[in-house]
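Below, read A as the first sequence line, B as the second, and so on, with proteins coming before strands; counting in each chain starts at 1.
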2 protein chains.
Amino acid sequence: MPKITQRSDCPISNSLEIWGDKWSLLIIRDLMFAHKNTYSELLQSAEKISTNILAARLLALEENGIIEKLAHPDSKAKVWYQLTPKGIALMPLLLEISLWAEKFFEVPDSIAAVNEMARRDRAGVIREKSAELLAMSSVTAATSTPKIKDV
Amino acid sequence: MPKITQRSDCPISNSLEIWGDKWSLLIIRDLMFAHKNTYSELLQSAEKISTNILAARLLALEENGIIEKLAHPDSKAKVWYQLTPKGIALMPLLLEISLWAEKFFEVPDSIAAVNEMARRDRAGVIREKSAELLAMSSVTAATSTPKIKDV
DNA sequence: CCGCATCCCTATAGATACTG
DNA sequence: CAGTATCTATAGGGATGCGG
């Protein structure tokens with residue numbers, strides 16, 4: 001049940017309602033490529049997101065089915081965030097952003113290497129990395145974390 | 001000369017600094033696919049952008065080299081906005097958004113048709129449509145519209 | 001410690017009315 | 001037509017609190 005308010009029936013508009021801000025895709029990036037899965041790890045990205053914003057975005061992404069909250073497999077005190085299939089499906093989009101940016105900005109060598117792989121075998125990169133994320137997902141089981149429903 | 005303040009050297013972050021909000025990509029969409037090229041046309045999209053936001057976004061997009069302001073070929077009173085090659089290069093991204101959205105939202109038939117074309121011959125669709133936009137660009141000549149530089 | 005919630009304050013987004 | 005001016009609402013930064 002998406003929490004977005006539809007401005008129109010345009011798919012681009014509806015997508016932007018979910019992740020069209022300066023932070024959501026960075027959180028998704030960290031969950032997707034940086035092997036970050038806890039709140040404190042997500043707090044420590046280079047862009048220095050503040051804690052209230054991170055909390056707000058995680059909630060919104062969860063309500064829109066992009067991520068899910070699970071019990072951390074190792075620590076009872078921690079929470080495990082991971083992408084849902086809907087979130088993993090954003091991978092082509094993130095790769096496309098990275099490819100676009102590389103044409104007009106300087107990018108770190110590590111990222112340029114991934115871009116080069118994507119240019120060579122785009123479908124393959126997406127398939128493998130998606131499978132990897134899906135495999136990780138199956139290790140943990142969903143908690144009964146209460147979700148805020150529409151009032 | 002990009003007006004963005006770099007939060008990091010991540011290409012995704014830097015991209016979001018330019019068009020990571022709820023409106024910029026919709027303006028780009030209208031310039032790219034809806035054959036809109038004037039301020040008043042851009043004002044009339046289904047999502048009902050307000051005039052100050054449109055003005056602010058157009059300025060930011062211009063400062064970041066995504067669009068350019070030209071003299072309208074037909075009317076002295078009008079302004080002609082169009083995508084630069086840098087802006088046209090965002091087309092794969094917009095298509096990818098549309099394809100993602102179609103998996104999870106209902107989309108209008110007209111858009112589903114374009115998506116189907118993109119799935120069948122992605123590179124071809126991008127090549128043809130980009131060429132069309134570039135061809136349109138060459139008809140007009142740049143005005144001497146003063147651009148705001150860094151103070 | 002971990003994962004937030006809350007408060008305070010500032011900056012930016014956004015709606016509406018108006019103008020050269 | 002193509003924007004400003006004005007005002008209000010929300011986003012966001014930073015510090016701190018607080019239950020588990």
Quick one: [X] [atom1] to [N] [atom2], roughly how many Å, whole number?
X	N	atom1	atom2	result
A/Leu54	C/dT6	CG	C1'	16 Å
A/Arg57	C/dG3	CZ	C1'	18 Å
B/Ile53	D/dC7	CD1	C1'	13 Å
B/Lys78	D/dG3	NZ	P	13 Å
B/Leu70	D/dA2	CG	P	13 Å
B/Leu58	C/dG14	CG	C1'	15 Å
B/His72	D/dA2	NE2	P	7 Å

(message) Please confirm whether the shortest side-chain N or O distance from B/Lys22 to OP1 or OP2 of D/dA11 is below 4.0 Å.
(response)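 Result: no.
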
(message) Between A/Trp23 and D/dA11, is there a contact of a side-chain N or O with OP1 or OP2 at under 4.0 Å?
(response)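 So the side chain of A/Trp23 is outside the cut-off, no N or O lying under 4.0 Å from OP1 or OP2 of D/dA11.
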
(message) If we ignore hydrogens and angles and just use 3.5 Å, is the side chain of B/Trp100 paired with the main-chain N or O of B/Leu95 as donor and acceptor?
(response)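 It does not hold such a pair.
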
(message) For the residue pair A/Gln82 / A/Glu68, report whether a side-chain donor-acceptor contact shorter than 3.5 Å exists.
(response)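 Yes.
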
(request) Please tell me if the side chains of B/Ile28 and B/Leu83 come closer than 4.5 Å, counting only heavy atoms from C-beta onward. (result)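 Side chain of B/Ile28 against side chain of B/Leu83, heavy atoms only: contact under 4.5 Å found.
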
(message) Is the ring pair B/Tyr39/B/Tyr81 parallel, tilted or perpendicular, if the boundaries are 30 and 60 degrees?
(response)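 Ring orientation, 0 to 90° scale: tilted.
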
(request) Check each residue of residues 24-52 of chain A for a non-hydrogen atom within less than 4.0 Å of any atom in DNA chain C, then write out the ones that pass by number, or none. (result)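 By residue number: A/Thr38, A/Tyr39, A/Ser40, A/Thr51, A/Asn52.
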
(request) Name the closest nucleotide to the B/Tyr81 side chain, picking from D/dG3, D/dG13, D/dC1. (result)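 Side chain of B/Tyr81 sits closest to D/dG3.
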
(request) Nearest 0.5 Å please: distance from the CZ atom of B/Arg29 over to the CG atom of A/Leu16. (result)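 One finds 9.0 Å between CZ of B/Arg29 and CG of A/Leu16.
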
(message) For the OG atom of A/Ser98 and the NZ atom of A/Lys103, what is their distance to the nearest 0.5 Å?
(response)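 If I round to the nearest 0.5 Å, the distance is 11.5 Å.
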
